[in-house]
Amino acid sequence: MAKPVSRRDFLARIGLIGCSLAASPLLTPVSFAAAPWDTRLVVIILRGGMDGLDVVQPYGDPAFKRLRGSLALGPEGGAYDLDGYFALHPGLAPLIPLWEAGQLSFAHAVSTPYRDKRSHFDGQDLLEAGTTSLAGVRDGWLNRMLQAVPGVTSQTAYAVGRSDMRLLQGEAEVANWSPDARLKLSPQAVRLLELVTETDPALHAALSEAQLLSQVQDDAPKRGKSGHVQIAEFAAARLSQGARIAAFSLNGWDTHSAQSRSIDAALKRLSETLLTLRGKMRGDTWRKTAVVAMTEFGRTARQNGTGGTDHGTGGLMILAGGAIKGGHVFGDWPGLGDGNLYQDRDLMPTGDVRAHAAWVMRGLTGLDRHVMESAVFPGLDMGTDPGLIL
Amino acid sequence: MLSWACYTANQGSKTVRNFDPELAEIRFGYGLSPLYDAPKNVARMLDGLTGPDDMQRAFPIEPFVKFRARMVEVQRQNAIRRKNRGTELAAAARKQRNVINQEARVAMFDWLGQTMLRRVHTQTALRERIVAFWADHFTARGKRGVIRRGTSPYIEDAIRPFITGRFDDLLQAAVMHPLMLDYLDQTRSMGPASFRALKRGPKKAAGLNENLAREVLELHTLGVDGPYTQEDVTQLAELFTGLSFDARNGFKFRKDFAEPGSETVLGVDYGEEATVKSVRAALRDLAAHPSTARHLASKLAVHFVSDTPDPALVDALEAAYVDHDGQLMAMYDVLLNHPSSWERSVSNFKLPIDFVSSALRALAIPKDAFADRDEKWIRRFFGAPLAHMGQTWERPIGPDGWDEDDVAWITPQGVAARVSWSMAVPVRMIEPLPDPRAFAELALGSFANEAVRFAASAAESRPEAIGVVLMSPAFQRR
């Protein structure tokens, strides 16, 4: 399918034009292969604060076992030895073939500039804003990246799922859709809805986009599939056609207690998501793809009193796809010994998660460093190229 | 005891000059009803908060003290299973436990119906709105097993009886409630030097869990911009050690979990003795903190009036809280007597559950509308659609509750789900559907415009016409 459709044609077909062309905020042409680059970027926001020290365990650090107690598995406890120093949590074992194929990497001890209050909600807002403070920021960094390149259409980037993705909010048009959303309306109902919402631009725009996207979606997801698998399938389908960017969330990382159990479900969702993306992308799309998974903060270096971990600072970023340089644990490891922890409590952040994201985007799109450091992530110093992209 | 009597309205029966009965229902209630008259003035609205609780009587929801019996029964069956592993007795107990879990799930959807009916048939809709506001402020849900179904019972016990008293009492009721203690991992948090921790020895991990302490400071009291540090979080977590519950008796203070020694939170030393009294003292001080006044004032104004409320309204709410020692009625009084609360430009976008509630109210579904509906039906026409709209029933994403930001809800996928529900579900609730033109006037009152009137008459079918009216901006916003 995927025949280019202009938005104007589309609106005319469903009868929106005529009523209120001027009021319709979405008038740019829609086509499915217009972005000026051919690589694909998937950004996954891991909400709740993923415990990077559990996911990629620094078992080679002498302090690790002492701090972590029962959570410190290491290779003896079933974690997969990545490089003789770090080991992968058994919950991500399904991803070992990706690691071996050079399509999986990690960046350790990274964080946003967010410090000390350790609030999920401000932490996530700052992660998605991509700035150093939340004051006055209304858009997200991925949207600002779209604003900086020509040829972006309303379907270059997709925010997928039921919840709002702030990192894609802003001036540049993006598509928001959930694979389980449906809208089947008679032409007359469409016209009347258009008419009654004319005075409300936001509602009107959402409705027009819903009408558009419900028709673009080619096949209904099979009933009974989990939400994250549906989302990954939907993203894979869009990215295999015209879309270049997809962003969505995975929840469930706030493991305050009984973490050895509670993190498994989240890791399972993550590995199923990545494997579904790879499995469902068509042609050589996966080869051109970089997946970046990031979280609002890491968790305390010490295991807490209830077999879990509390809110911390330095965390972990996960990179996957055919376009990334696989098989590496990137980052400047600060150590966990006495005096090395942030506030004697958290993994010391030694890298800015935004710099890594910026290098990935620069590697994928060739976007100018200056644009990254001034417009996308204002005030960021990207530092030297860690070589995340092939 | 906790009543209006503690607070004397400073406005008496005088009503703010631009009071508007329609807005009273739309902005401060669940919309216009063809069955019940809108309140005539502010005094009536305030009185409605403290009068007899007719809706609680007419549409009962199991209180948590009763809900606990389900938890006790699950524990009993689990004990039988453990004692008789591998036998038929264990298999029977397992089966019985599943029955209890299933019954609780059915009950949860039954309470969804009861909550809706309260909102449809109330003549004091502000009361239901304020209960929902505080239930969201103190968002909680059970984590594992049968307690996951206990949110409505929690609201019934810990929120509803306290909405007209002092914030301090509401805070204590919510924070020390079993459901909250379970949700924010408090029950297993142990002082590192507590009797229990020392008994366990260094081999077995024992210590603090700071989840509840952090959220009390960040969400329930001071707000994230409040003057607290990580050290205050840790100290409060130490002070909270011992807060616990058991299924049979409810709240309980476990002295053996409590950290000995004194804790200092925001510069106040709460003494050597590890008792529930010092926890209450700390909560009282947090409730009385100026940052809490500011935080609550801002939340109330944003929730009820606009995402960008008149700063004078926020200031007035804050002053009411401070001047009246945290009496919530004083805040409601100010809220309802402020001119900016009555401006006719509607802006707040209804959250999905409120949208659905107000649609049912406009449709005047009868009191027995859910009587012969099974769980599957309620899930299909309410549970699943609400999830698609982005607000899964009693499954908030985090302890910060649902997003107040309108932009978060006006998404294509969320709006698509609203349209689908509006056109498909009313026809299953009401037979026959009302005349769409009359319905537009009833549902929107003087907010109806020519476009809606035309659309109501021009739709191809009655369900579509009703759906279009429900999707009009005048119905979606408040």
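No hydrogens, no waters, no symmetry mates; every other heavy atom, side chains included, goes into these values. Lettering of chains follows the sequences in order, A, B, ..., and the numbering in each one begins at 1.
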Peer 1: What part of Glu450(B) lies closer than 4.5 angstrom to a heavy atom of chain A: side chain, backbone, both or neither?
Peer 2: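 Nothing of Glu450(B), per the 4.5 Å heavy-atom cut-off to chain A.
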Peer 1: So what's closer than 4.5 Å to chain A heavy atoms on Arg418(B): side chain, backbone, both or neither?
Peer 2: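 Interface part for Arg418(B): neither.
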Peer 1: Do Leu219(B) and Phe121(A) have side chains that get closer than 4.5 Å, going by heavy atoms?
Peer 2: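 When only atoms from C-beta onward are counted, Phe121(A) and Leu219(B) do touch, with a gap below 4.5 Å.
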Peer 1: Counting only non-hydrogen atoms closer than 4.5 Å, does Arg453(B) touch chain A with its backbone (N, CA, C, O), its side chain (CB onward), both, or neither?
Peer 2: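 Neither part.
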Peer 1: Heavy-atom distances under 4.5 Å only: say whether Glu464(B) touches chain A with side chain, backbone, both or neither.
Peer 2: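 Looking at Glu464(B), just its side chain touches chain A.
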Peer 1: Out of Ile410(B), Thr411(B), Val469(B), return the one with the most heavy atom pairs under 4.5 angstrom to chain A.
Peer 2: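 Looking at each option in turn, the highest pair count goes to Ile410(B).
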Peer 1: Do the side chains of Ser472(B) and Thr197(A) get nearer than 4.5 Å, heavy atoms only?
Peer 2: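 Counting from C-beta outward, Thr197(A) and Ser472(B) never come under 4.5 Å.
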Peer 1: Is there a donor-acceptor contact under 3.5 Å linking the side chains of Arg118(A) and Gln230(B)?
Peer 2: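 Arg118(A) vs Gln230(B): donor-acceptor pair found between side chains.
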Peer 1: Just wondering, are more than 12 heavy atoms of other shown residues or ligands nearer than 6.0 Å to CZ in Arg344(B)?
Peer 2: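 Check passes, neighbour count above 12.
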Peer 1: So, Lys117(A) and Asp225(B), do they make that salt bridge, N to O below 4.0 Å?
Peer 2: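 Here Lys117(A) does not pair with Asp225(B) in a salt bridge, since their nearest N and O are not under 4.0 Å apart.
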Peer 1: What part of Leu217(B) is in contact with chain A, defined as an atom under 4.5 angstrom from a non-hydrogen atom: side chain, backbone, both or neither?
Peer 2: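 Neither; nothing under 4.5 Å.
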Peer 1: Need one label for Ala387(B): side chain, backbone, both or neither, based on atoms under 4.5 Å from any heavy atom in chain A.
Peer 2: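 Both parts, backbone and side chain.
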Peer 1: So what's closer than 4.5 Å to chain B heavy atoms on Arg345(A): side chain, backbone, both or neither?
Peer 2: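 The answer is the side chain of Arg345(A).
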Peer 1: Would you mind telling me which of Ser186(A), Gly308(A), Ala258(A), Ala159(A) has the largest number of heavy-atom pairs within less than 4.5 Å of chain B?
Peer 2: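 The option with the most such pairs is Ser186(A).
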Peer 1: Determine the option with the most heavy-atom pairs under 4.5 angstrom with chain B, choosing from Asn251(A), Leu193(A), Asp254(A), Thr300(A).
Peer 2: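 With the most close heavy-atom pairs to chain B, the winner is Leu193(A).
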Peer 1: Any side-chain heavy-atom pair from Glu210(B) and Asn304(A) closer than 4.5 angstrom?
Peer 2: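 Side-chain contact under 4.5 Å: no.
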Peer 1: So which of Ala459(B), Ser420(B), Ala458(B) has the biggest tally of heavy-atom pairs under 4.5 Å with chain A?
Peer 2: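 Of the candidates given, the most pairs with chain A belong to Ala458(B).
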Peer 1: Is any side-chain heavy atom of Gln476(B) closer than 4.5 Å to a side-chain heavy atom of Leu203(A)?
Peer 2: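 Yes, side chains in contact.
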Peer 1: Against chain A, work out which of Arg477(B), Glu460(B), His388(B) has the most heavy-atom pairs shorter than 4.5 Å and name it.
Peer 2: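 With the most close heavy-atom pairs to chain A, the winner is His388(B).
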Peer 1: Chain A heavy atoms under 4.5 Å from Ile397(B): which part of the residue, side chain, backbone, both or neither?
Peer 2: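 Just the side chain, heavy atoms under 4.5 Å.
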Peer 1: Between Met389(B) and chain A, which part of the residue has a heavy atom less than 4.5 Å away: side chain, backbone, both or neither?
Peer 2: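 Contact with chain A involves no heavy atom of Met389(B) at all.
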Peer 1: Do Asp122(A) and Glu218(B) touch side chain to side chain, with heavy atoms closer than 4.5 Å?
Peer 2: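 Contact flag for Asp122(A)/Glu218(B) side chains = no.
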Peer 1: Leu192(A) versus Phe454(B): any side-chain heavy-atom pair under 4.5 Å?
Peer 2: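 A side-chain contact exists here, since the closest heavy-atom pair is under 4.5 Å.
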Peer 1: Side chain, backbone, both or neither: which part of Tyr228(B) has an atom under 4.5 Å from a heavy atom of chain A?
Peer 2: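 Both the backbone and the side chain of Tyr228(B) come within 4.5 Å of chain A.
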Peer 1: Measuring heavy-atom distances to chain B, does Arg166(A) have an atom under 4.5 Å in its side chain, in its backbone, in both, or in neither?
Peer 2: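 When you check distances to chain B, only side chain atoms of Arg166(A) fall under 4.5 Å.
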Peer 1: Side chain, backbone, both or neither: which part of Leu208(B) has an atom under 4.5 Å from a heavy atom of chain A?
Peer 2: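 When you check distances to chain A, only backbone atoms of Leu208(B) fall under 4.5 Å.
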Peer 1: Just checking Arg66(A): does its CZ atom have more than 12 heavy atoms from other residues, nucleotides or ligands closer to it than 6.0 angstrom?
Peer 2: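 For Arg66(A), atom CZ is crowded (more than 12 foreign heavy atoms under 6.0 Å).
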Peer 1: Any side-chain heavy atom of Arg188(B) within less than 4.5 Å of one from His256(A)?
Peer 2: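 Heavy-atom side-chain distance check fails, nothing below 4.5 Å.
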Peer 1: Just so I understand: if I count every heavy-atom pair under 4.5 Å between each of Pro399(B), Ala408(B), Gly390(B) and chain A, which residue has the most?
Peer 2: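 Option with the greatest count: Ala408(B).
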Peer 1: Return the option, out of Asp405(B), Thr229(B), Leu184(B), with the maximum number of heavy-atom pairs under 4.5 Å with chain A.
Peer 2: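 Winner by heavy-atom pair count: Asp405(B).
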Peer 1: Taking every non-hydrogen pair under 4.5 Å, which of Ala455(B), Gly414(B), Gly191(B), Ala197(B) racks up the most with chain A?
Peer 2: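 Highest number of pairs under 4.5 Å: Ala455(B).
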Peer 1: Distance-only, no hydrogens or angles: does the Gln413(B) side chain make a donor-acceptor pair with backbone N or O of Gly161(A) under 3.5 Å?
Peer 2: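 Side chain of Gln413(B) to backbone of Gly161(A): a pair is present.
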Peer 1: I want to check something: taking the side chain as every heavy atom from C-beta on, are Leu185(A) and Met423(B) in contact at a cut-off of under 4.5 Å?
Peer 2: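 Yes. Closest side-chain heavy atoms under 4.5 Å.
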Peer 1: Answer yes if the side chains of Ser257(A) and Asp185(B) hold a donor-acceptor pair under 3.5 Å, and no otherwise.
Peer 2: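 Side-chain D/A pair, Ser257(A) to Asp185(B): present.
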Peer 1: Give the intermediate values and the outcome of side chain to side chain contact (heavy atoms under 4.5 Å, CB included) for residues His120(A) and Arg214(B).
Peer 2: CA-CA 11 Å; His120(A) 289 300; Arg214(B) 176 181 307 282; over 6 Å; no
Peer 1: If you look at every heavy atom in Asp310(A) and Asn211(B), which pair is closest and at what distance?
Peer 2: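 Looking at all heavy atoms of both residues, the shortest contact is OD1-N, 4.3 Å.
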Peer 1: Under a 4.5 Å heavy-atom cut-off, does chain A meet the side chain of Asp406(B), its backbone, both or neither?
Peer 2: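 Answer is neither: Asp406(B) stays 4.5 Å or more from chain A.
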